[in-house]
Amino acid sequence: QVQLVESGGGLVQAGGSLRLSCAASGRSFSSYAMGWFRQAPGKEREFVASITWSGTNTYYADSVKGRFTISRDNAENTVYLQMNSPKPEDTAVYYCAAGYCPGYGCYDQRFFHSWGQGTQVTVSS
């Protein structure tokens with residue numbers, strides 16, 4: 001079991017940058033795949049990015065590919081989401097999650113068993 005706390009959200013101008021952090025506590029952080037998901041008002045929660053336990057493989061939604069970067073620091077029990085050139089449509093509550101992923105990918109919410117409380121990101125025009 002792992003507990004997750006997101007931070008770093010806030011208001012950012014379109015075309016700027018923002019870095020989200022997710023701090024983990026508990027055992028075996030380095031054994032989990034980590035993911036970021038988001039939910040905008042009136043919409044379903046959607047996949048954003050994920051990273052395997054070793055950091056070898058990363059996965060991105062098409063909507064953020066080339067703009068967002070996920071990374072992890074197992075020594076600090078922290079996963080990051082670097083958001084470059086955010087757009088107004090990126091406005092949402094962003095959630096960090098921990099889980100296990102199969103060999104074919106790491107993008108489905110069903111793979112993740114522990115979730116943070118979320119952090120609001122608002123992108124202004």
Side-chain angles (χ1 to χ4, degrees):
Q1 192 68 39
V2 61
Q3 296 176 336
L4 307 172
V5 180
E6 303 96 334
S7 63
L11 178 65
V12 63
Q13 282 274 336
S17 65
L18 195 67
R19 189 194 195 197
L20 306 183
S21 298
C22 175
S25 61
R27 300 176 63 186
S28 303
F29 169 78
S30 62
S31 71
Y32 301 127
M34 300 294 298
W36 288 96
F37 296 79
R38 67 187 182 187
Q39 187 168 23
K43 296 187 177 181
E44 296 294 319
R45 187 166 58 191
E46 65 177 355
F47 167 75
V48 177
S50 62
I51 185 167
T52 55
W53 70 269
S54 66
T56 301
N57 296 316
T58 56
Y59 304 87
Y60 297 94
D62 288 341
S63 59
V64 306
K65 193 174 300 180
R67 300 187 297 118
F68 293 4
T69 302
I70 188 171
S71 62
R72 68 188 298 162
D73 186 340
N74 288 347
E76 297 294 331
N77 291 348
T78 303
V79 63
Y80 305 95
L81 185 68
Q82 179 68 42
M83 304 171 61
N84 294 333
S85 300
K87 305 174 181 178
E89 52 262 43
D90 294 319
T91 295
V93 176
Y94 283 71
Y95 297 92
C96 167
Y100 300 96
C101 295
Y104 57 82
C106 193
Y107 52 83
D108 198 299
Q109 296 180 63
R110 294 173 294 179
F111 301 155
F112 298 89
H113 56 78
S114 298
W115 296 80
Q117 83 290 340
T119 185
Q120 176 71 47
V121 173
T122 302
V123 184
S124 62
S125 301

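Just so it is clear, the structure is predicted and the values come from calculations on it, not from any experiment.
Here the shortest heavy-atom pairing between Val12 and Pro86 reads CG1-CG, 4.0 Å. Shortest non-hydrogen contact noted between Thr78 and Ser21 is CG2-CB, 4.4 Å. Scanning both residues, Val2 and Ala98, for their nearest heavy atoms gives CG1-CB, 3.7 Å. Closest heavy-atom contact between Gly105 and Phe111: O-CE1, 4.0 Å. Minimum heavy-atom separation, Val64 to Val48: CG2-O, 3.5 Å.
With rounding to the nearest 0.5 Å, the separation of CG in Leu18 from CD in Gln13 is 12.5 Å. Rounding to the nearest 0.5 angstrom, the gap separating the CZ atom in Arg72 from the OH atom in Tyr32 is 11.0 Å. In this structure, the separation between CE on Met34 and OG on Ser71 is 11.5 Å, given to the nearest 0.5 Å. Taking CD1 of Ile70 as the reference point, atom OG of Ser50 lies at 6.0 Å (rounded to 0.5 Å). Here Glu6 contributes atom CD and Leu81 contributes atom CG; the two are 11.0 Å apart, rounded to the nearest 0.5 Å. Of the inter-residue distances, the one linking Thr119 atom OG1 with Tyr94 atom OH reads 10.5 Å to the nearest 0.5 angstrom.
In this structure Ser31 satisfies the side-chain contact (heavy atoms from CB on, under 4.5 Å) test together with Ser28, Tyr100, sequence neighbours excluded. With sequence neighbours left out, the side chain to side chain donor-acceptor pair (under 3.5 Å) criterion links Lys43 to no other residue. Not counting sequence neighbours, Asp73 has no partner by the side chain to side chain donor-acceptor pair (under 3.5 Å) test. Listed by chain and residue number, Asn74 satisfy the side-chain contact (heavy atoms from CB on, under 4.5 Å) test with Ser30 (two or more places apart in sequence, or in another chain). Residues passing the side chain to side chain donor-acceptor pair (under 3.5 Å) test with Ser125, sequence neighbours excluded: none. Qualifying side-chain contact (heavy atoms from CB on, under 4.5 Å) partners for Pro41, counting only residues two or more places apart in sequence or in other chains: none. Annotation: side-chain contact (heavy atoms from CB on, under 4.5 Å) contacts of Arg45 (sequence neighbours excluded): Phe37, Gln39, Tyr95, Gln109, Trp115.
For residues 116-125, the set of pairs meeting the salt bridge (charged side-chain N to carboxylate O under 4.0 Å, His left out) definition, not counting sequence neighbours, is empty. Counting only residues at least two apart or in different chains, salt bridge (charged side-chain N to carboxylate O under 4.0 Å, His left out) contacts with residues 86-113 comprise Arg38-Asp90, Arg67-Asp90, Asp108-Arg110. Residues in residues 49-69 take part in no ring pair (Phe, Tyr, Trp, His ring centres under 6.0 Å) pair, two or more places apart or across chains. Residue pairs meeting the disulfide bond (SG atoms under 2.5 Å apart) criterion with at least one member in residues 29-103, sequence neighbours excluded, are Cys22-Cys96, Cys101-Cys106.
With a 6.0 Å radius and a threshold of 12 heavy atoms from other residues, nucleotides or ligands, Glu46 has its CD atom above the threshold. More than 12 non-hydrogen atoms from other residues, nucleotides or ligands lie less than 6.0 angstrom from CD of Gln117. Heavy-atom neighbours of Gln120 CD from other residues, nucleotides or ligands within 6.0 Å: above the threshold of 12.
The shortest side-chain heavy-atom distance between Ser17 and Gln82 falls under the 4.5 Å cut-off.
Cluster annotation: Leu4 and Val79 are assigned to the same hydrophobic cluster (Ile/Leu/Val/Met/Phe/Trp/Tyr, side-chain heavy-atom contacts under 4.5 Å, transitive).
Grouped by direct or indirect side-chain proximity (heavy atoms under 4.5 Å, Ile/Leu/Val/Met/Phe/Trp/Tyr only), Leu11 sits alone.
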